[in-house]
Amino acid sequence: MIRVAFVGKYDQESANGVHKTIAGLMDHLPDAGVAVELWHPTCKVKTPARRMIGPIAVWDLPIYKSRFRNAIALPPPTRATLRQISTQVDLIHLHSVFIPENAWIAK
């Protein structure tokens with residue numbers, strides 16, 4: 001089974017097309033035999049944490065409030081968690097590489 005990590009926000013009711021697309025893909029890919037999880041960069045948490053939205057594993061990953069700081073580096077706990085969890089997926093699905101934290105996640 002292929003394992004895909006989406007980077008972004010899962011929100012089925014969002015007016016934001018990216019969030020809605022992520023939710024739609026994550027809801028339907030398991031029917032095709034694809035295991036999915038979400039890596040959610042957010043400045044609302046201090047330490048990385050795993051939670052569940054139904055059957056979907058969500059990793060809340062702390063980032064800085066400043067886009068400029070995120071362009072320079074991600075917080076050490078986030079970098080450590082990404083090193084660990086990135087070994088458990090086959091593909092990382094980014095919706096933009098122009099978001100500073102996504103550039104670091106892609107590395």
Side-chain angles (χ1 to χ4, degrees):
M1 175 180 289
I2 189 168
R3 299 186 60 82
V4 178
F6 287 84
V7 179
K9 185 175 181 182
Y10 178 95
D11 186 351
Q12 295 172 321
E13 305 302 320
S14 179
N16 180 313
V18 172
H19 300 164
K20 197 169 198 93
T21 298
I22 289 171
L25 287 168
M26 292 186 78
D27 287 344
H28 294 288
L29 282 173
D31 294 338
V34 177
V36 296
E37 64 183 59
L38 181 72
W39 298 353
H40 177 227
T42 178
C43 59
K44 295 181 179 180
V45 298
K46 299 279 188 211
T47 59
R50 185 174 182 264
R51 62 184 167 96
M52 301 297 290
I53 298 177
I56 298 169
V58 177
W59 282 95
D60 291 318
L61 302 169
I63 58 173
Y64 299 114
K65 289 183 182 180
S66 163
R67 291 278 186 198
F68 177 74
R69 283 188 75 189
N70 289 322
I72 295 169
L74 294 177
T78 298
R79 291 194 312 260
T81 300
L82 285 170
R83 277 192 297 275
Q84 175 193 2
I85 64 178
S86 65
T87 64
Q88 300 167 14
V89 297
D90 301 303
L91 180 69
I92 300 170
H93 188 176
L94 299 166
H95 285 269
S96 175
V97 294
F98 300 108
I99 298 171
E101 54 271 16
N102 282 4
W104 286 107
I105 291 169
K107 289 181 180 189

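Source: prediction; values computed, not measured.
- No option in D60, N102, L94, V89 other than V89 meets the side-chain contact (heavy atoms from CB on, under 4.5 Å) test with W39.
- Environment of NZ in K9: sparse, with no more than 12 heavy atoms of neighbouring residues, nucleotides or ligands closer than 6.0 Å.
- How far CG of L61 is from CG of L74: 8.5 Å, rounded to the nearest 0.5 Å.
- For the atom pair T42 OG1 and W59 CH2, the distance stands at 15.5 Å (nearest 0.5 Å).
- Going from atom CG of L38 over to atom CG of L25 covers 11.5 Å, rounded to the nearest 0.5 Å.
- Clustering ILVMFWY residues whenever any of their side-chain heavy atoms sit less than 4.5 angstrom apart, transitively, puts V4 in the very cluster that holds Y10.
- Of all heavy-atom pairs spanning E37 and R3, the tightest one is OE1-NH2, 3.5 Å.
- Atom NE2 of residue H19 and atom CD of residue Q12 lie 13.5 Å apart, to the nearest 0.5 angstrom.
- With rounding to the nearest 0.5 angstrom, the CD1 atom of I53 is 7.5 Å from the CE atom of M26.
- Side chain of T87 to backbone of Q84: a donor-acceptor contact under 3.5 angstrom is found.
- In plain terms, the two heavy atoms of P77 and P48 that are nearest each other are O-CG, 3.5 Å.
- Atom CG of D27 and atom CD1 of I56 lie 5.0 Å apart (nearest 0.5 Å).
- When hydrophobic residues (I, L, V, M, F, W, Y) are linked wherever their side-chain heavy atoms come within less than 4.5 Å, V45 remains an isolated member.
- Annotation: ring pair (Phe, Tyr, Trp, His ring centres under 6.0 Å) contacts involving residues 67-96, sequence neighbours excluded, comprise F6-H93, H93-H95.
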